[in-house]
Amino acid sequence: MCIQNHHHPTGAGLQSQKNWGALVYWKSKGKPNGKKPAAEEKKLYLEPEYTKSRITDFEFKELVILPREIDLNEWLASNTTTFFHHINLQYSTISEFCTGESCQTMAVCNTQYYWYDERGKKIKCTAPQYVDFVMSSVQKLVTDEDVFPTKYGKEFPNSFESLVKKICKYLFHVLAHIYSSHFKETLALELHGHLNTLYVHFILFIREFNLVDPKETTIMDDLTEILCSSSGSSSSNGSGNGSGGGGSGSSSSSAVAQNHVKER
């Protein structure tokens, strides 16, 4: 299934600050929204008929390991950039359903996230606004030569790893929101295989390099346990051939990462 609609960041967020410096002040805080999930509301994304769907049966644990003779920062940079583009694309497939009316808060299950700007001011925003803050800010960072250098001899900033950790945390929030609030739409588009594949690849990557605090991802532990425990023996039916959509984490993702390294 070929996806043509893309999410274009509006440039909101940290426009007035230098990109890498501003991200240091990125904060979001999750807390219970006070609503108890209805007993009859099942998590559709945990149904076996959907969790088994992938676009590839590649062993992702091997894909995320740092290759020999590749610099760690190079590997983190190439993969983080790739995940950003794939998660942005995956979100774009359901962005027309994620509106200020349908998603009045950035919620994942019974947790609500708030955005804090560079001054530490709490911003109550809708889910699409939150995602836009994330995507526009990350877009600036991954295209900033001072943060994600691509030219030979250019050094990574000392704060690079901490910036990557922040980026990955917010990208996780976006993935979790898609599952929590827009899995039905993802199913209707037959892109759940892409989403599952992207999620497995991303989770194994952040685990491999300890990029996100496990407490941050606990909210999706039920899904993680199911998907990651079967990542090497999953079915690839039900979601197309992987030539479009999330394009998430197949061998093509590895190729993109390697090309990024070679260009440096």
Side-chain angles (χ1 to χ4, degrees), residues 6-28 64 66-67 70-92 95 106 113-121 123 125 128-175 177 198 201-202 205-206 208-213 216 246-249 252-264:
H6 296 261
H7 173 65
H8 298 285
T10 63
L14 309 178
Q15 297 181 11
S16 63
Q17 300 289 329
K18 186 172 178 61
N19 298 342
W20 67 269
L23 187 57
V24 174
Y25 297 98
W26 276 20
K27 293 199 300 181
S28 73
V64 301
L66 177 67
I70 294 295
D71 177 72
L72 174 60
N73 283 339
E74 295 279 2
W75 188 242
L76 293 178
S78 60
N79 279 276
T80 299
T81 301
T82 299
F83 281 123
F84 161 64
H85 289 304
H86 287 168
I87 293 173
N88 193 19
L89 182 58
Q90 187 77 47
Y91 177 77
S92 76
S95 60
M106 181 61 178
Y113 295 104
Y114 295 90
W115 186 266
Y116 288 74
D117 65 15
E118 66 275 7
R119 297 179 180 178
K121 181 180 179 181
I123 301 176
C125 54
Q129 288 174 327
Y130 185 98
V131 173
D132 188 67
F133 283 140
V134 171
M135 296 304 180
S136 59
S137 299
V138 175
Q139 174 68 35
K140 291 178 183 178
L141 285 169
V142 299
T143 56
D144 187 341
E145 278 290 323
D146 291 331
V147 184
F148 281 71
T150 59
K151 297 179 180 179
Y152 180 77
K154 188 82 172 181
E155 298 293 331
F156 288 91
N158 294 331
S159 59
F160 182 71
E161 186 175 343
S162 65
L163 292 175
V164 168
K165 289 181 177 180
K166 287 180 180 293
I167 290 173
C168 288
K169 181 175 73 171
Y170 295 117
L171 291 181
F172 172 78
H173 291 173
V174 176
L175 275 178
H177 179 72
L198 175 56
H201 188 187
F202 181 72
F205 173 72
I206 63 177
E208 176 71 16
F209 300 100
N210 299 312
L211 297 176
V212 179
D213 188 333
E216 189 73 35
S248 50
S252 62
S253 174
S254 179
V256 171
Q258 293 291 357
N259 287 339
H260 186 88
V261 171
K262 291 178 181 178
E263 290 172 0
R264 290 177 176 272

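Hydrogens, waters and symmetry mates play no part in the numbers below; they use all other heavy atoms, side chains included.
Distance check, rounded to the nearest 0.5 Å: OG of Ser137 to NZ of Lys166 gives 12.0 Å. For the atom pair CG (Asn79) and CZ (Phe205), the distance works out to 4.5 Å, reported to the nearest 0.5 Å. Distance SG/Cys168 to CG/Leu211: 5.0 Å, rounded to 0.5 Å. Taking CD1 of Ile87 as the start and CG of Leu175 as the end, the distance is 4.0 Å to the nearest 0.5 Å. With values rounded to the nearest 0.5 angstrom, Phe84 atom CZ is found 4.5 Å from Gln139 atom CD. If you take CZ on Phe148 and CG on Leu76, they are separated by 8.5 Å, rounding to the nearest 0.5 Å.
Between Val212 and Lys169, the shortest heavy-atom distance links the atoms CG2-N, 3.9 Å. Nearest approach of Trp115 to Cys125, heavy atoms of both residues: CB-SG, 4.1 Å. Shown here for Tyr113 and Glu216, the closest heavy-atom pair between the two residues is CE2-OE2, 3.9 Å.
Using cut-offs of 30° and 60° for the angle between ring planes, the His173 and Tyr170 rings count as perpendicular.
Partner Leu141 forms a side chain to side chain contact (heavy atoms under 4.5 Å, CB included) with one of Thr80, Val164, Asp146, Ile167 and no other, that one being Ile167.
With sequence neighbours left out, Glu208 forms a side chain to side chain contact (heavy atoms under 4.5 Å, CB included) with Val64, Ile65. Qualifying side-chain hydrogen bond (donor to acceptor under 3.5 Å, both in side chains) partners for Glu145, counting only residues two or more places apart in sequence or in other chains: Thr150.
In this structure, the ring of His86 has its center no less than 6.0 angstrom from the ring center of Phe83. Taking the centre of each ring, Tyr130 and Tyr114 stay at or above the 6.0 Å mark.
Counting heavy atoms from C-beta outward, Gln129 and Ile123 have side chains that stay 4.5 Å or more apart.
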